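Presented below is the structure to which this report refers.
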Amino acid sequence: QVQLVESGGGLVQAGGSLRLSCAASGSIFKINAMGWYRQAPGNQRELVATITSDGSTNYAISVEGRFTISRDNAKNTVYLQMNSLKPEDTAVYYCNFQAYYSNLFRPNYWGQGTQVTVSS
């Protein structure tokens, strides 16, 4: 059984930094893309950043230049370094792993979510 465990959220003042981590436990065949999403109260869950197995990254315009996504394949872990945080970054952050077993079976796994609160 695959489980994603997140850590690193918390309360920080505007301009501060946080580093989120998400590690997969349990049996998994192969992880392709990893990503971070966030959801503020009343809003849809939105993509923050993704990273492929080849290391290519993609960022939402709102965080580009401030956030950095990285991965450690040996540890099945994805990170999100968040700098210059703004109050509008306040949300619950969820990690996501896209696994690959075959073209017909590519399940997505989600973390439990970690709260990030940025005060002004």
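Owing to the predicted nature of the structure, the values given are computational and were not obtained by experimental measurement. As a basis for the values below, the full set of heavy atoms in this structure was taken, side chains included, without hydrogen atoms, waters or symmetry mates.
- Distance check, rounded to the nearest 0.5 Å: CD1 of Ile51 to CG of Asn58 gives 11.0 Å.
- Between Phe97 and Asn32, the closest side-chain pair of non-hydrogen atoms is not below 4.5 Å.
- Grouping the Ile, Leu, Val, Met, Phe, Trp and Tyr side chains by contacts below 4.5 angstrom, directly or via other members, places Ile69 apart from Val92.
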Verdict with supporting geometry, Leu20 and Thr114, side chain to side chain contact (heavy atoms under 4.5 Å, CB included): CA-CA 8 Å; Leu20 306 183; Thr114 184; 4.1 Å; yes
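- Rounding to the nearest 0.5 Å gives a distance of 6.0 Å between CE of Met34 and CG of Asn73.
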Steps toward side chain to side chain contact (heavy atoms under 4.5 Å, CB included) verdict (Tyr59, Ile61): CA-CA 6 Å; Tyr59 298 92; Ile61 296 176; over 6 Å; no
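- Between atom OG of residue Ser25 and atom CG of residue Leu4 there is a gap of 7.5 Å, rounded to the nearest 0.5 Å.
- The two residues Val78 and Cys95 have their closest heavy-atom pair at CG1-CB, 4.3 Å.
- Taking the side chain as every heavy atom from C-beta outward, Arg38 and Asp89 approach each other to under 4.5 Å.
- Classification of the Tyr93-Phe67 ring pair by plane angle, with boundaries at 30° and 60°, yields tilted.
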Pair Tyr101-Arg106, side chain to side chain contact (heavy atoms under 4.5 Å, CB included): steps then yes or no: CA-CA 6 Å; Tyr101 297 89; Arg106 299 179 179 181; over 6 Å; no
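- A heavy-atom distance below 4.5 Å is found between the side chains of Trp110 and Arg45.
- The distance from the OG1 atom of Thr52 to the CD1 atom of Ile31 is 13.0 Å, given to the nearest 0.5 Å.
- With a 4.5 Å cut-off on side-chain heavy atoms, Ser53 and Arg71 count as touching.
- Looking at heavy atoms from C-beta onward, Gln3 lies out of side-chain contact with Gln112 at the 4.5 angstrom threshold.
- Distance check, rounded to the nearest 0.5 Å: OG1 of Thr77 to CG of Asp72 gives 6.0 Å.
- Contact of the Tyr94 side chain with the Cys22 side chain is not registered, since no non-hydrogen atoms from C-beta on lie closer than 4.5 Å.
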Pair Glu46-Tyr37, side chain to side chain contact (heavy atoms under 4.5 Å, CB included): steps then yes or no: CA-CA 5 Å; Glu46 64 177 355; Tyr37 296 73; over 6 Å; no
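- Between the side chain of Thr90 and the backbone N or O of Glu88, no donor-acceptor pair lies under 3.5 Å.
- A donor-acceptor pair shorter than 3.5 Å can be found between the side chains of Gln81 and Asn83.
- The shortest heavy-atom contact between Ser120 and Ala14 is CA-CB, 4.3 Å.
- Contact of the Met82 side chain with the Val116 side chain is registered, since non-hydrogen atoms from C-beta on lie closer than 4.5 Å.
- Scanning both residues, Tyr79 and Ser21, for their nearest heavy atoms gives CD2-OG, 3.3 Å.
- For the atom pair Ser119 OG and Gln13 CD, the distance stands at 5.0 Å (nearest 0.5 Å).
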